[in-house]
*Asks:* 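Questions regarding the structure given below will be posed in turn.
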Amino acid sequence: MKIMDYQKVKAIKILQEQEVGSKVKVNGWVRTKRESKNVVFIAINDGSIIYNLQIVADPAGFDENLIKDITTGACLSVQGEVVESAGGGQKVELQAEKIDLLGKADPDEYPLQPKRHSLEFLREISHLRPRTNTFSAVFRVRHAMSYAVHKFFHERGFFNVHTPIITASDAEGAGEMFRVTALDIDNPARTETGEVDYSMDFFERETNLTVSGQLEAELFALALTEVYTFGPTFRAENSNTSRHLAEFWMIEPEMAFYDLNDNMDLAEDFLKYIIRYVLEHCKEDIEFLNKRAIDEDKMKKMGERSDMTLLEHLNFVINNDFERITYTEAINILRNSKPNKKKKFQFIIEEWGADLQSEHERYLVEKHFRKPVILYDYPKEIKAFYMRQNEDGKTVRAMDILFPRLGEIVGGSQREERMDKLTQRMKECGISEEELWWFMDTRRFGTAPHSGFGLGFERFIQFVTGIGNIRDVIPFPRARGMAEF
RNA sequence: UCCUCAGUAGCUCAGCUGGUUAGAGCAUCUGACUGUUAAUCAGAGGGUCCUUGGUUCGAGUCCAAGCUGAGGAGCCA
């Protein structure tokens, strides 16, 4: 069978293995075409690698109209022989013997041009942006990170738990929720007093999209010892920033027999492991993104430029121990800091107990320590009810990991496993014990010290790729007024 | 949600204290040339100056409201 001579391969195989003489068939999308009397060069990309594969065609051997229709964005299937390149830009190229035009792209209408586009513009055409260098690189890195997350936990004996996406509890109070209902929204069932009657709804109670899988993960940690969740999370907050989404992916490990120090060790190892994995397996993409970030930086004003490149940042994180300090120590540093004394902070730190603002976190990370910082032992008043109380009666075993540019990337704690302390704290916070009876049962039966943390996957991707806006590291961003694609 | 800034060609942007026919680079098209690399050179086409209202003899430019986008804040991951 003659057709078998041409093995269907992806561009990455040709460019990496460079087997000159092999007969192959490659499918991909045209990035640019350069034409002359004697030779046509077509750069095609199939997303398998950041580099384009150069197709060389003798115009005499092909229909003139076919060559004409090969424009930026068109899809081609090309059969030919891998040959050494006579040009300087690449080692090998594909000498075309047969070209099939699978899909045209009218150059007057196709919005992507062989030039640099702004991320804001590309966001308006999210359905086409994966065909750009930047986005294909980001999403290959996203995949690698996703894979590395599972690999990291699997290698350590953790089990992945698929916690529910529809939940009935809003106990954690982690922000506004999206209601899930099958009621007729124009004419819902009502009680005698006129309120919406959720007992007539699909689940016979009020339900929402999950804001965290933590409570459910705790149940599994107290059975399988070390578990993690990695799934979508939904918050209906009206927050409009470059680091918030209404739908994002969160990684939440939960471990029995871990105290706060074990928890911090795990989080630090985890972050470093993922970054190392990306540096090792996405070399070309990171190099591309690094160059991109440098170019981007040059456009900025002098004072706003970064003093470290993306690659330097990544290496800096994996080569340094994170600074671990208590909330109390942080307050002392901030109180005596120059911006605080000179009243440069918008919020001046005066006394213990104040919640830290973004400007304070950035000062600690970017100016004072100049590396990732883990803050722990926060005042109980500014943290959630489930965090383990310290002996001082004032603080809880909470920890936040702060990264440059992003601020908080990880939030975690040792959980309160003592029934009496937990119920006392729930009363203070106005959390219903009855509703969380199943959660309380884990403290009632065979309770154990345990810890966990949550990590926003997209924020981590932002850090690793150097992309400034979180909407550009998720395929189809969901945010206030944004659900087009 | 609050504060600040922006919206002019397909894209990125210039357009001064209001003044006659609105500009550039890139992209597109046509031609030339070339083993080219986001090729190069020459030419052409391409505009509801975000919308509505107002001020004025005259508005891309000034004022008001709205819409859209970005940056920052809050909330957080």
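Chain naming here is simple, since letters A, B, ... match the order of the sequence lines and numbering starts at 1 in each. It should be emphasised that the depicted structure is a prediction, and the values quoted were computed from it without experimental measurement.
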*Asks:* Mind checking if A:Q462 touches a base, just sugar-phosphate, or nothing, with heavy atoms under 4.0 Å?
*Replies:*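 Touches nothing.
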
*Asks:* Looking for any heavy atom pair under 4.0 Å, which part of the strands does A:Q54 touch: base, sugar-phosphate only, or nothing?
*Replies:*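 Result for A:Q54 = base.
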
*Asks:* Determine the contact category for A:E359: base if any of its heavy atoms lies under 4.0 Å from a base atom, sugar-phosphate if only primed atoms, P, OP1 or OP2 are that close, otherwise nothing.
*Replies:*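 Contact class for A:E359: none.
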
*Asks:* Under 4.0 Å between a side-chain N or O of A:T241 and OP1 or OP2 of B:rG74?
*Replies:*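 For A:T241, the contact criterion (side-chain N or O under 4.0 Å from OP1 or OP2 of B:rG74) is not met.
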
*Asks:* According to the Watson-Crick and G-U wobble definitions, with both distances under 3.5 Å, which nucleotide is paired to B:rA6?
*Replies:* B:rU68

*Asks:* Tell me, do A:T210 and A:I166 make a side-chain contact under 4.5 Å, heavy atoms counted?
*Replies:*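 No, side chains not in contact.
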
*Asks:* Using the P atom as the reference point in each nucleotide, state the distance between B:rC5 and B:rG23 in Å, no decimals.
*Replies:* 30 Å

*Asks:* Establish, yes or no, whether a centroid distance under 6.0 Å links the rings of A:H450 and A:Y258.
*Replies:*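 No, too far apart.
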
*Asks:* Checking all strands, does A:F248 fall into the base, sugar-phosphate, or nothing category for heavy-atom contacts under 4.0 angstrom?
*Replies:*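 It contacts base atoms.
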
*Asks:* Should the pair A:Y147 and A:Y277 be assigned to parallel (<30°), tilted (30 to 60°) or perpendicular (>60°) ring geometry?
*Replies:*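 Tilted, since the angle between the ring planes falls between 30° and 60°.
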
*Asks:* Tell me the partner of B:rC29, counting only Watson-Crick (N1-N3 plus N6-O4 or O6-N4) or G-U wobble (N1-O2 and O6-N3) with both under 3.5 Å; none if nothing fits.
*Replies:*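 Check on B:rC29: paired to B:rG43, both distances under 3.5 Å.
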
*Asks:* If you assign A:G468 and A:I409 each to the RNA chain B nucleotide with the nearest heavy atom, which residue ends up on the more 5' nucleotide?
*Replies:* A:G468

*Asks:* Please confirm whether any donor atom in the side chain of A:E120 sits under 3.5 Å from an acceptor in the base of B:rG71, or the reverse.
*Replies:* no

*Asks:* Rounded off to whole Å, could you give me the CG-to-P distance for the A:N52 and B:rU36 pair?
*Replies:* 18 Å

*Asks:* Which part of the nucleic acid, if any, lies within contact of A:G407, taking any heavy atom under 4.0 Å across all strands shown: a base, the sugar-phosphate backbone alone, or nothing?
*Replies:* nothing

*Asks:* Specify the separation, in whole Å, of atom CZ of A:F41 and atom P of B:rU40.
*Replies:* 15 Å

*Asks:* Quick one, A:R459 and A:H244 - any side-chain contact, counting heavy atoms below 4.5 Å?
*Replies:* yes

*Asks:* Considering every strand and a 4.0 Å limit on heavy-atom distances, what is the contact class for A:Q90: base, sugar-phosphate, or nothing?
*Replies:* base

*Asks:* Taking atom P in both B:rU1 and B:rG58, what distance in whole Å separates the two?
*Replies:* 38 Å

*Asks:* For nucleotides B:rC29 and B:rU56, find the distance between their P atoms and express it as a whole number of Å.
*Replies:*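 Comparing P positions in B:rC29 and B:rU56 gives a spacing of 49 Å.
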
*Asks:* Let me know the distance between CZ of A:F347 and C1' of B:rC75, rounded to the nearest Å.
*Replies:*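 For the pair A:F347 CZ and B:rC75 C1', the rounded distance is 12 Å.
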
*Asks:* Would one find a side-chain N or O of A:R34 under 4.0 angstrom from OP1 or OP2 of B:rA39?
*Replies:* yes

*Asks:* Does OP1 or OP2 of B:rG72 have a side-chain N or O of A:S242 closer than 4.0 Å?
*Replies:*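 Yes, because at least one side-chain N or O of A:S242 sits under 4.0 Å from OP1 or OP2 of B:rG72.
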
*Asks:* Return no unless some side-chain N or O of A:N240 is found under 4.0 Å from OP1 or OP2 of B:rC2.
*Replies:*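 So the side-chain polar atoms of A:N240 never come under 4.0 Å of the phosphate oxygens OP1 or OP2 of B:rC2.
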
*Asks:* Output the rounded distance in Å from CG (A:N238) to C1' (B:rA73).
*Replies:*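 After rounding, the gap between these two atoms is 13 Å.
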
*Asks:* B:rU1, OP1 or OP2 - any side-chain N/O from A:R480 closer than 4.0 Å?
*Replies:*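 Yes, within the criterion.
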
*Asks:* A:L356 has an atom CG; how far is it from atom P of B:rG74, in whole Å?
*Replies:*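 Distance check: A:L356 CG to B:rG74 P gives 11 Å.
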
*Asks:* Applying the Watson-Crick and G-U wobble criteria at under 3.5 Å, what pairs with B:rG53? Answer none if nothing qualifies.
*Replies:* B:rC63

*Asks:* Is the distance from OP1 or OP2 of B:rA73 to the nearest side-chain N or O of A:R243 less than 4.0 Å?
*Replies:*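 A:R243 to B:rA73 OP1/OP2: side-chain N or O found under 4.0 Å.
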
*Asks:* Quote, to the nearest angstrom, the C1' distance that separates B:rA27 from B:rG69.
*Replies:*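 That atom pair is separated by 23 Å.
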
*Asks:* From C-beta outward on A:H244, which listed nucleotide comes closest to its side chain: B:rC11, B:rA77, B:rC33?
*Replies:*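 Taking heavy atoms from C-beta onward, the closest nucleotide is B:rA77.
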
*Asks:* Set out, line by line, the N/O atom pairs under 3.5 Å between protein and nucleotides 27-30 of chain B.
*Replies:*
residue, atom, partner, partner atom, Å
B:rU28, O2', A:D108, OD1, 2.8

*Asks:* Would you say A:S239 places a side-chain N or O within less than 4.0 Å of OP1 or OP2 belonging to B:rC76?
*Replies:*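 Answer is no, no contact under 4.0 Å.
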
*Asks:* Counting side-chain heavy atoms from CB outward, which of B:rG74, B:rA77, B:rU12 is closest to A:Q357?
*Replies:* B:rG74

*Asks:* How do A:S85 and A:H117 order along RNA chain B: which one's closest nucleotide is nearer the 5' end?
*Replies:* A:H117

*Asks:* If you measure from the P atom in B:rG60 to the same atom in B:rC3, how many Å do you get, rounded?
*Replies:*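 Taking atom P in both B:rG60 and B:rC3, they lie 30 Å apart.
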
*Asks:* A:I325 vs A:I333, test: side chain to side chain contact (heavy atoms under 4.5 Å, CB included). Steps then yes/no.
*Replies:* CA-CA 10 Å; A:I325 59 164; A:I333 290 168; 4.2 Å; yes

*Asks:* Rounding to a whole Å, what distance do you find between A:R362:CZ and B:rA73:C1'?
*Replies:* 12 Å

*Asks:* Need the pair for B:rG35. Rule: Watson-Crick or G-U wobble, both distances under 3.5 Å, any strand; none if unpaired.
*Replies:*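 Across any shown strand, B:rG35 pairs with none.
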
*Asks:* How far apart are the C-alpha atoms of A:F234 and A:F248, what are their side-chain angles, what is the distance that settles it, and do they pass the ring pair (Phe, Tyr, Trp, His ring centres under 6.0 Å) test?
*Replies:* CA-CA 7 Å; A:F234 307 87; A:F248 63 100; 8.4 Å; no

*Asks:* Using atom C1' in both nucleotides, what's the gap between B:rA59 and B:rU20 to the nearest angstrom?
*Replies:*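 Those two atoms are separated by 14 Å.
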
*Asks:* Any heavy-atom pair between the side chains of A:F322 and A:E268 that's under 4.5 Å?
*Replies:* yes

*Asks:* Mind checking the C1' distance from B:rA24 to B:rC62? Whole angstroms is fine.
*Replies:*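 Approximately 26 Å lies between the C1' atom of B:rA24 and that of B:rC62.
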
*Asks:* Under a 3.5 Å cutoff, is there a donor and acceptor pairing between the side chains of A:S85 and A:Q54?
*Replies:* no

*Asks:* With a 6.0 Å cut-off on the ring centroids, do A:F270 and A:F153 count as close?
*Replies:* yes

*Asks:* Does B:rA70 have OP1 or OP2 sitting under 4.0 Å from an N or O in the side chain of A:R123?
*Replies:*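 For B:rA70, OP1 or OP2 has a side-chain N or O of A:R123 closer than 4.0 Å.
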
*Asks:* Between B:rC75 and B:rA14, how far apart are the two P atoms, rounded to whole Å?
*Replies:* 35 Å

*Asks:* Is it true that A:H162 and A:F230 have ring centroids separated by less than 6.0 Å?
*Replies:* no

*Asks:* Any strand counts, and the cut-off is 3.5 Å on both contacts for Watson-Crick or G-U wobble. Which nucleotide pairs with B:rU12?
*Replies:*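 WC or wobble partner is B:rA24.
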
*Asks:* Rounded to whole angstrom units, what separation is found between the OH atom of A:Y110 and the P atom of B:rC11?
*Replies:*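 Taking atom P of B:rC11 as the reference, OH of A:Y110 is at 15 Å.
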
*Asks:* Please give, in whole Å, the distance from B:rG72 P to A:R405 CZ?
*Replies:* 11 Å

*Asks:* Before accepting this row, confirm whether a basic side-chain N of the pair A:D472/A:R129 lies closer than 4.0 Å to the acidic partner's carboxylate O.
*Replies:* yes

